[in-house]
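Have a look at the structure below before the remarks.
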Amino acid sequence: MSSFDSGVRGYVFGVATVRVPFPIDWTGVANINCVQCPFYSPSSRRCQLNKEVVAFPEKYVGDMCPLEEETE
């Protein structure tokens with residue numbers, strides 16, 4: 001086990017790719033907002049991917065959301 005008593009020299013980063021399905025209603029309107037995302041925590045109102053507080057999670061996706069819309 002490493003000891004970090006004298007500080008940290010650097011970091012090794014891990015990368016993950018996640019796919020999140022957002023629902024589309026029968027009229028073709030996609031409901032893309034944080035409440036529909038499994039990485040949103042309603043109890044803390046935070047995104048669990050970036051730990052940011054989301055202002056209007058029922059209406060929008062947070063400003064710092066790391067998800068990008070996948071096009072077909």
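Since the structure is predicted, the reported quantities are computational estimates derived from the model, not experimental observations. Atom set for the values below is all heavy atoms of this structure, side chains included, hydrogens, waters and symmetry mates excluded.
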Could you note down all residue pairs passing side chain to side chain donor-acceptor pair (under 3.5 Å) where residues 23-34 supplies at least one of them, sequence neighbours left out? Asp25-Thr27, Asn31-Asn33
For Tyr40 and Cys34 the tightest heavy-atom approach is CB-O, 3.0 Å
Give me the other members of the hydrophobic cluster that Phe4 sits in, counting Ile, Leu, Val, Met, Phe, Trp and Tyr linked by side-chain heavy atoms under 4.5 Å, directly or via other members. Val8, Tyr11, Phe13
Remaining members of the apolar cluster that contains Leu67, side-chain heavy atoms under 4.5 Å: Val18, Val20, Phe22, Ile32, Phe39, Leu49, Val61
Count I, L, V, M, F, W, Y as connected when their side-chain heavy atoms are under 4.5 Å apart, and connections chain through other members. Are Val54 and Tyr60 then in the same cluster? no
Test of understanding: with salt bridge (Lys or Arg N to Asp or Glu O under 4.0 Å), list the residues that count as partners of Glu58, not counting sequence neighbours. Arg45
Got a sec, which pairs hit salt bridge (charged side-chain N to carboxylate O under 4.0 Å, His left out) with one end in residues 10-21, sequence neighbours left out? Arg19-Glu70
Residues in salt bridge (Lys or Arg N to Asp or Glu O under 4.0 Å) contact with Arg9, at least two apart in sequence or another chain: none
